[in-house]
Amino acid sequence: MARRGARQVASVCIVAILLFAAAGARAQPLDEPPAGALTGILKRIKETGVVRLGYREHAVPFSFAGSDGRPHGYSIDLCHAIVEDIAAAAGAVLLRVEYRKVTPSDRFEQVVEGRIDLECGTTTANAERRRLVEFSPLVFVTGTRLLVKRGAAVRSLRDLPGRKVVVARGTTNEEAMHRLAEGRGRGMTVVVAENFERALAQLASSEVDALAADDILIAGLLAQKGLRGQYAAVGELLSFETYGIMFARADAPLAGAVQAAFRRLAVTRELRWIYDKWFRRTLPSGLRFDVPMSPALERSFEMLGLPPN
């Protein structure tokens, strides 16, 4: 399923990579602080010895609460690696990590208000959002797809006029479906749920005919909850989504630490190892996604210094 999605968005992958690279360059302010001076979030982190990571509870395999009650996942591992470079940049020998739960509707607010330092989930980086926050280099490529009950009449976007589709509030899926409702999907009704779990409940109770969410998150949901026999992902990708680790804007030392972490992980090939751990190998829970790295992600990582496979 995700493999097909990667092929469908291949034509726009290089554009996304260039946008990420350009945005990363713009993130660096012209006026650098004096050598050795700490400012912004790094200054606060050194003073308190604490770095705060935002995580999602149910975004398998990116960010989720494990059976031990602690956050785990691909995005969590990347954030832990960034913390190492934050510690080095801040001159801190040891940092304590505090985890704070975020949702699609409050994640931006938590970053902007400084309640979390890094958001380690499944957030799409785009130009509109960069007006509020900053993002790491690209970490995953996916897109919006429809989830329906098996045997349902809905097989693609063209079947939605006269029917209801639910989305989680604050997601790019919400934006994508509202746009489509004014164009190719004219006649469908977009219902907004407070979160992904509530959206799934509405689909389960037949309050709506379909749920629109990121392709990879649908795959994770079906695998984690054993729902492959009850639900199916249908139709083509309806949007193109590029995930990044989110953090505060206009904070050059923090942005430098994030970039340094990704360059280090690329050169040492740890980026590939972390990706394979979550998407190519069997997880401790027994789940296995077997999703190869997309050409766009491969190219993005190579631009950071990852040796070709």
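Nothing fancy with the numbering, it's 1 onward along the sequence.
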### Message
Test of understanding: with side chain to side chain donor-acceptor pair (under 3.5 Å), list the residues that count as partners of Glu175, not counting sequence neighbours.
### Response
none

### Message
Walk me through whether Trp278 and Phe289 qualify under side chain to side chain contact (heavy atoms under 4.5 Å, CB included).
### Response
CA-CA 8 Å; Trp278 292 102; Phe289 287 84; over 6 Å; no

### Query
What is the distance from atom CG of Leu217 to atom CG of Leu147, rounded to the nearest 0.5 Å?
11.5 Å

#### Entry: Nearest heavy-atom neighbours spanning Val141 and Leu297
CG2-N, 4.4 Å

#### Entry: Atom pair OG/CD of Ser136 and Gln259 - distance to nearest 0.5 Å
8.0 Å

#### Entry: Sub-4.5 Å side-chain heavy-atom contact between Val167 and Thr144
no

### Task
Please check if Val112 and Val102 belong to a single hydrophobic cluster, counting links between Ile, Leu, Val, Met, Phe, Trp and Tyr side chain heavy atoms closer than 4.5 Å.
yes

### Task
Indicate whether any N or O donor in one side chain lies under 3.5 Å from an N or O acceptor in the other, for Arg56 and Thr122.
yes

### Separation of Ser239 OG from Leu180 CG (nearest 0.5 Å)
8.0 Å

### Query
Can we call the ring centroids of Phe62 and Tyr243 under 6.0 Å apart?
yes

### Query
Does the pair Ile86 and Leu118 meet the rule for a side chain to side chain contact (heavy atoms under 4.5 Å, CB included), with working shown?
CA-CA 11 Å; Ile86 286 176; Leu118 301 171; 4.2 Å; yes

#### Entry: ring-ring contact (aromatic ring centres under 6.0 Å, His included) between Phe135 and Phe247, intermediate numbers included
CA-CA 6 Å; Phe135 290 92; Phe247 56 96; 7.9 Å; no

### Message
Looking at Arg96 and Glu98, is there a salt bridge between them, counting it only when a charged N and a carboxylate O are closer than 4.0 Å?
### Response
yes

### Query
Between Gln230 and Gly226, which heavy-atom pair has the shortest distance, and what is it?
NE2-O, 4.5 Å

### Query
Quick one: do the Thr142 and Asp214 side chains pair a donor with an acceptor below 3.5 Å?
no

### Task
Would you please name every residue forming a ring-ring contact (aromatic ring centres under 6.0 Å, His included) with Phe108, sequence neighbours left out?
none

### Query
So, Glu119 versus Thr123: side-chain donor-acceptor pair below 3.5 Å or not?
yes

### Query
Can any side-chain N or O of Asp215 pair as donor or acceptor with the backbone N or O of Leu237 at less than 3.5 Å?
no

### Task
Show your working on side chain to side chain contact (heavy atoms under 4.5 Å, CB included) between Val133 and Arg107 and close with a plain yes or no.
CA-CA 11 Å; Val133 296; Arg107 53 189 166 169; over 6 Å; no

#### Entry: Listed partners of Arg179 passing side chain to side chain donor-acceptor pair (under 3.5 Å), at least two apart
none

### Message
Can you list everything that forms a side chain to side chain contact (heavy atoms under 4.5 Å, CB included) with Ala181? Sequence neighbours excluded, please.
### Response
Met188, Val190

### Donor-acceptor contact below 3.5 Å, side chain Arg70 vs main chain Ala65
no

#### Entry: Side-chain donor or acceptor of Asp106 paired with backbone N/O of Glu109 under 3.5 Å
no

#### Entry: ILVMFWY cluster, Leu53 and Val50 together (side-chain gap under 4.5 Å)
no

### Task
Supply the atom-to-atom distance Leu227 CG to Ile218 CD1, rounded to the nearest 0.5 angstrom.
12.0 Å

### Query
Less than 4.5 Å apart, any side-chain heavy atom of Leu287 and any of Thr282?
no

### Main-chain N/O of Gly170 paired to Glu174 side chain as donor or acceptor, under 3.5 Å
yes

### Whether over 12 other heavy atoms sit under 6.0 Å from Lys101 NZ
no

### Any side-chain heavy-atom pair of Ser156 and Val234 under 4.5 Å
no

### Query
Is any side-chain heavy atom of Leu265 less than 4.5 Å from a side-chain heavy atom of Leu78?
yes

### Message
Would the distance check show the side chain of Asp251 and the main-chain N or O of Leu254 forming a donor-acceptor pair, the cut-off being under 3.5 Å?
### Response
yes

### Message
Please find the pair of heavy atoms, one from Ala266 and one from Pro307, that lie closest to each other, and give the distance.
### Response
O-CD, 3.5 Å

### Query
Using 4.0 Å as the upper bound for N to carboxylate O, is an ion pair formed by Glu134 and Arg129?
no

### Query
Going through the checks in order, is the side chain to side chain contact (heavy atoms under 4.5 Å, CB included) test met by Val258 and Asp85?
CA-CA 7 Å; Val258 172; Asp85 285 76; over 6 Å; no

### Stepwise salt bridge (Lys or Arg N to Asp or Glu O under 4.0 Å) check, Asp290 with Arg281
CA-CA 7 Å; Asp290 199 21; Arg281 303 191 184 105; over 6 Å; no

### Task
Could you tell me which non-hydrogen atom of Ala199 sits nearest to which non-hydrogen atom of Val166, and how far apart they are?
O-CG1, 3.6 Å

### Query
Going by the disulfide (SG to SG under 2.5 Å) test, which pairs reach into residues 115-231, not counting sequence neighbours?
Cys79-Cys120

## Note on the structure
When every non-hydrogen atom of Ala81 is compared with those of Ala261, the smallest separation belongs to O-CB, 4.1 Å

#### Entry: Backbone N/O of Lys164 and side chain of Asp209: donor-acceptor pair under 3.5 Å
yes

### Query
Do side-chain atoms of Arg163 reach the backbone of Asp159 as a donor and acceptor pair under 3.5 angstrom?
yes

### Query
Would you say Val139 and Tyr275 make side-chain contact, with heavy atoms under 4.5 Å?
no

### Flag side-chain contact, heavy atom, 4.5 Å: Phe64 against His58
no

### Query
With sequence neighbours excluded, what pairs up with Glu270 under the side chain to side chain donor-acceptor pair (under 3.5 Å) test?
Thr268

### Task
Could you go through the salt bridge (Lys or Arg N to Asp or Glu O under 4.0 Å) check for Glu197 and Lys225 one step at a time?
CA-CA 12 Å; Glu197 292 68 40; Lys225 294 186 177 294; over 6 Å; no

### Message
Main chain of Glu182, side chain of Arg186: is a donor-acceptor contact present, judged purely on distance under 3.5 Å?
### Response
yes

### Heavy-atom pair of closest approach, residues Leu146 and Ala212
CD2-CB, 4.1 Å

### Query
Do Arg272 side-chain atoms and Leu306 backbone N/O form a donor-acceptor pair below 3.5 Å?
no

### Task
State yes or no: do Ile245 and Trp273 share one hydrophobic cluster built from I, L, V, M, F, W and Y residues joined by side-chain heavy-atom distances below 4.5 Å, directly or via other members?
yes

#### Entry: Donor-acceptor contact present, side-chain Arg100 to main-chain Arg52, <3.5 Å
no

### Glu302 with Arg269: basic N within carboxylate O range, under 4.0 Å
no

### Query
Is there a side-chain contact between Val291 and Ile216 (heavy atoms, below 4.5 Å)?
yes

### Query
For the rings on Phe262 and Phe301, is their centre-to-centre separation under 6.0 Å?
no

### Query
Looking only at side chains, do Glu241 and Thr172 share a donor and an acceptor under 3.5 Å apart?
yes

### Task
Would you check if Asn195 and Thr103 make a side-chain contact, meaning some heavy-atom pair closer than 4.5 Å?
no

